[in-house]
Amino acid sequence: MTANPAEEMATAYEPGAVEGRVYEAWEQSGAFRPNRPGADPFTIIQPPPNLTGELHVGHALTTAVEDALIRWHRMKGDDALWLPGVDHAAIAVNAIIERQLRDDGLSRHDIGREEFLKRVWEFVNASRSRIAEQHRRLGASADWEREAFTMDEERERAVRLTFKKLYDDGLIYRAERLINWDPVSQTAVSDIEVEYEDVESAFWHVRYPILDEDGNKTDRYVVIATTRPETIPADTAVAVNPEDDRYRDLVGRQVLVPTVDRPVTVIADEAVEIEGGSGALKVTPGHDPVDFEIGERHGLEIINILNLDGTLNENAGKYAGMDRDEARQRLVADLEDAGLLEKTEPYTHAVGHSERTGAVVEPLISLQWWVKIQPLADPAIDAVKDGRIKFVPERFERTYLHWMENIRDWCISRQIWWGHRIPVWYCDDCDHMTVGLTDPTFCESCEGSNIHQDEDTLDTWFSSGLWPHSTLGWPDLDAPDLKRFYPTQVMETGYDIIFFWVARMIMMSMYNMKDAVAQGIVDDDVPFKHVYMHGLVRAADGSKMSKSKGTAVDPLGAVDQYGSDALRFALLSGTSPGNDQRLSDERLEAGRNFANKLWNASRFALGMVEDGDDLALPDPAGMPVEDRWVLSRLNQVNQNVERLLGRFELAEALRQTRDFFWDEFADWYIEVAKVRVRAGDRSPLPVLVHVVDRSLRLLHPFMPFVTEEIWQRLAAIAPDPEGADALIVARFPEAQATLIDESAEASFEAVQEFVRAIRNIRVEKRVDAGRWVEAYVVGATAADTATALSPAIEQLARARPLHVVATPADAPTEGVVTSVLAVGQVALPMAGLFDLDAERERIGKQIAEAEGEVAGLEKKLANDQFTSRAPAEVVQRERDRLETTQSRLAGLRQSLAEIG
RNA sequence: GGGCGGUUAGCUCAGCUGGCUAGAGCGCAGCGUUGACAUCGCUGAGGUCACUGGUUCGAGUCCAGUACCGCCCACCA
């Protein structure tokens, strides 16, 4: 070694200065690829990043958590793979392109399918490379060479096979049913893509004239309350509860539907609630789910009054061509004119909006493809119930089970152009449907060639649901990755996506992987063993981050300003399973500050190494107490980190490591070691280098860039024993129980107390910070340690001359400020500064405190309920405490007596 | 209407299977450029752990209820 690389380090950690270079080095070294076949597999699959816009901070959290877990497992030697993936977020992408077209006054039909898809791909390909770049900046150690995309050919193959299997099993069917229609994107959406929001609207009470036997209007009418008067033209019955006395005589009679003057029958159905509205319900099977079911029970006609763009059609009579809002207003006005509006009340109720476009969704009857879900849901329910899949935190299992147990058939067809196209061809001659794994050229029934493919595409989540196995080579059951990595260990995602994605992945994967289990290729059909849920990242004030309100933290902006590691620190230190967290500048600053502390403490420690230093850690038995203390603490933290990471408690693991490094290693050990090194003692060097090395390893999963950068210098001084040339491929430390030394910890803690006590007196007595003061340390049981460490105590407390004595009698009593501790006493002669009254008061206060504590403890120990029932060790601890407090009290009283 | 979280220092949050003399970061007050770090160091102030009751030798921690705050699910027109 000629030059110490630490000496070239900048004096502060500069975010942005090293990340790019470090990342490139990792990539080139192949560190992101799994490389230990045969070891425990650990796989993480990446949830869909936002293809449509900026990187969201929630995604930065996902990335940070996943990356931490992957790096940890890789360092432990597991066969860990992170498969990055991009999902296609089809509806949103389609909407973006449609918006672009609309700005030019066009619709997709004007340019045709081919041109439309061309534009989509241009947009998507640009997004994909941007996403990859964003992930690099966040430090994601994904294996980009295996990147998969839900829209590529392999996925298409998997999607078609899944569709065909389900179809052949009778689990996919085509049917005309009530669906949720998004009039803006003009496609069906599934139930969970509808978000209900309270909207202030009105409750219109409308009079439906009652007809006599001959079909003539009587002067009686039945009042019906509705929030959607524009659907009145689609009414095909009026329903009342069979138990409702008010309307019993009306059942079976006819009433006239206002505005269209269509006679309909009054029917009795239990779905009608007597308390609701006026008690009588207009039945609109074409535009309401409840009414649809009533209609099915009573064989009612279904009338559709809506066009796909949300305007009314010819069935709406004179309202045809109007937009639904306009139709509502006109219709209400007409009712009023006709004297059929009894009253209008203000009313707030939940209205369904499309999750993607925000448009009010309209229930309407439409011919769509469906998945019969119950047969898929049943095994997926069992997998969670019998613990093959565990949710972290556990409470989300209930949410999942509740949803799964009430699940309804899944509408999978979408009337948008970009997506996996439904692999069904219709025969124009015989109407037969051919489901094709490859594009068929003739009808499989009549063999005619007049066939055409379904125009629709599949729900995004249909293909996303295949992710855990389709990315590993399925449907090829011999694919090596499938065998090696399925089932994966962890699905990491936000709790907002349980239904959309987690549930679908479980159902679809278990269905598809049954064969592989039967053939003994994989052990289990479940796609993953743990579902780890992180919370949402909220703005500093606790609100949902919103770009329009300016409360959104831009992750890449934060990376530029504070550094990638600082962002990760902020996100990871605030994350606890299932709970939301707030992200603020303060948190980011805390991350940056810690990165800087790591940098500087390491720089200093490494910078002390000189040519010829022996850096091998000697036998701990011969080490000074502070060395044994810091090694003991390090290994305890190491032990805790292992345990905590295994339980997904990343924030706590990070916190403990941080606290150790900063509060114990940097603030105490380095300070003490400094004194020895300056006195020419080289023995702290191995310990310094060792602790830095271990700390960097422990922190690498959380803060990969800064730790790698520092470790590179460290490795130049002290090469890795296993020959690793980068921290990312170095071994994660295992705690060494033999280095845990409780007596060393107790001894050093006593030293800390002495130092703090002297500092405290100095500050209280306003001694200038730079001035040296004479001090006595009454060591009691810790006298040996105090003697051994007296140079350090001198330096840390700025106390010189320092006298370490065994008993209070060996210290002066006149003009002395004393502090009585559990471990001994300190005494500072303060001739000029000594103030008798102040001293009396100070000691008096401490006596009162100690007396209170003694009294409490004595009472507790006098209670034989406590001494007999509490565990022996707890009782003993309390006895010890009483003893030390009593002796401290005695010391305090004596000090007071000496003052007089 | 059902379910789930939260309520701990001025702010943001830790406190695992009950033993706490209740912690951290930020903020606040005082002191400080002692050759790693002012993105820092030292010292300190600050809490009836939402409320009520219960179980227990012992409750921030378990149980029941109450009050707020938040989220999810649900076909009330």
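A, B, ... follow the sequence lines: proteins, then strands. Residue 1 opens every chain. Computed over heavy atoms, backbone and side chain alike; hydrogens, waters and symmetry mates excluded. Here the structure is a predicted model, which means the values were calculated and not measured.
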Without decimals, in angstroms, what is the distance between [X] [atom1] and [N] [atom2]?
X	N	atom1	atom2	result
Glu649(A)	C13(B)	CD	P	18 Å
Arg842(A)	G44(B)	CZ	C1'	14 Å
Arg762(A)	U34(B)	CZ	C1'	10 Å
Glu397(A)	C4(B)	CD	C1'	14 Å
Asp198(A)	C71(B)	CG	C1'	14 Å
Trp668(A)	C37(B)	CH2	P	20 Å
Lys282(A)	A77(B)	NZ	P	12 Å
Arg592(A)	A38(B)	CZ	P	12 Å

Query - Arg633(A) to Trp662(A), cation-pi by 6.0 Å centre distance and 45° axis angle - result: no
From [options], pick the nucleotide closest to the side chain of [X]?
X	options	result
Arg395(A)	C40(B), G5(B), A36(B)	G5(B)
Ala769(A)	C31(B), G3(B), A14(B)	C31(B)
Arg766(A)	G30(B), C72(B), C37(B)	G30(B)
Phe499(A)	C72(B), A36(B), G19(B)	C72(B)
Ala666(A)	A36(B), A77(B), G19(B)	A36(B)
His402(A)	G19(B), C73(B), A36(B)	C73(B)
Val290(A)	G41(B), A77(B), C75(B)	C75(B)
Glu586(A)	A36(B), C26(B), A14(B)	C26(B)
Asn596(A)	U39(B), G19(B), G5(B)	U39(B)
Arg756(A)	A36(B), U43(B), C16(B)	U43(B)

For the backbone of [Y] and the side chain of [X], can you confirm whether one donor and one acceptor N or O come within less than 3.5 Å of each other?
X	Y	value
Thr575(A)	Leu572(A)	no
Thr344(A)	Trp204(A)	no
Gln581(A)	Leu571(A)	yes
Arg762(A)	Ala769(A)	yes

Query raised in the report: If you look at every strand shown and take non-hydrogen atoms under 4.0 Å, does Asp667(A) touch a base, only sugar-phosphate, or nothing?
Result: sugar-phosphate
Report task. Would you mind classifying the nucleic acid contact of Glu652(A) as base, sugar-phosphate or nothing, using non-hydrogen atoms under 4.0 angstrom? Result -> sugar-phosphate
Query raised in the report: Is there side-chain contact between Val637(A) and Phe661(A), with heavy atoms separated by less than 4.5 Å?
Result: no
Scan every strand shown for a Watson-Crick or G-U wobble partner of [N], both distances under 3.5 Å, and answer none if you come up empty.
N	answer
C11(B)	G25(B)
C4(B)	G70(B)
G18(B)	none
U39(B)	none
G47(B)	none

Which whole number of Å gives the distance between the [atom1] atom of [N] and that of [M]?
N	M	atom1	answer
A14(B)	G47(B)	C1'	15 Å
U33(B)	G41(B)	C1'	11 Å
G6(B)	A50(B)	P	12 Å
G25(B)	C40(B)	P	11 Å
C4(B)	U21(B)	C1'	36 Å
C42(B)	U34(B)	P	14 Å
G3(B)	G10(B)	P	35 Å
G5(B)	C62(B)	P	11 Å

Looking only at side-chain N and O atoms, does [X] come under 4.0 Å of OP1 or OP2 in [N]?
X	N	value
Tyr13(A)	A36(B)	no
Arg798(A)	U34(B)	no
Lys597(A)	C40(B)	no
Ser576(A)	C13(B)	no
Asn593(A)	C40(B)	yes
Arg582(A)	C13(B)	yes

Query raised in the report: Any chance the rings of Phe569(A) and Phe594(A) have centres within less than 6.0 Å?
Result: yes
Extract from the structure each pairing of a protein N or O with an N or O of nucleotides 68-70 of chain B at less than 3.5 Å, listing the distance.
none

**Report entry** The single option from Phe396(A), Phe391(A), Tyr495(A), Phe648(A) passing ring-ring contact (aromatic ring centres under 6.0 Å, His included) against Tyr532(A)
**Finding:**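 It is Phe648(A), the one option of Phe396(A), Phe391(A), Tyr495(A), Phe648(A) that forms the ring-ring contact (aromatic ring centres under 6.0 Å, His included) with Tyr532(A).
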Query raised in the report: Less than 4.0 Å between a side-chain N and a carboxylate O, is that true for Arg582(A) and Asp541(A)?
Result: no
Requested in this report: In plain terms, say whether Arg603(A) and Glu7(A) are close enough for a salt bridge, that is, a side-chain N and a carboxylate O under 4.0 Å apart.
Outcome: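 No salt bridge links Arg603(A) with Glu7(A).
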Query raised in the report: Starting at the 5' end of RNA chain B, which residue's closest nucleotide do you reach first, Thr227(A) or Phe604(A)?
Result: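 The residue mapped nearer the 5' terminus is Phe604(A).
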Query raised in the report: Quick one: on RNA chain B, does Ala540(A) or Asn760(A) contact a more 5' nucleotide (nearest heavy atom)?
Result: Ala540(A)
Query - Modelled atom types, side-chain donor and acceptor of Tyr247(A) and Asn241(A), under 3.5 Å - result: no
**Report entry** Check: Gln886(A)/Glu858(A) side-chain N/O donor and acceptor closer than 3.5 Å
**Finding:**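 Result is yes, a qualifying pair exists.
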Which protein N or O atoms sit under 3.5 Å from an N or O of nucleotides 20-24 of chain B?
residue: C20(B); atom: OP2; partner: Arg877(A); partner atom: NH1; Å: 3.2
residue: U21(B); atom: OP1; partner: Arg881(A); partner atom: NH1; Å: 3.4

Report task. Kindly say whether, by distance alone, the side chain of Glu7(A) makes a donor-acceptor pair under 3.5 Å with the base of A36(B)? Result -> no
Requested in this report: Give, for atom OG of Ser573(A) and atom CZ of Arg655(A), the distance between the pair rounded to the nearest 0.5 Å.
Outcome: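 So the OG of Ser573(A) and the CZ of Arg655(A) are separated by 11.0 Å.
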Report task. Run the numbers on Asp198(A) and Thr348(A) for side chain to side chain donor-acceptor pair (under 3.5 Å), then give the verdict. Result -> CA-CA 6 Å; Asp198(A) 276 348; Thr348(A) 303; over 6 Å; no
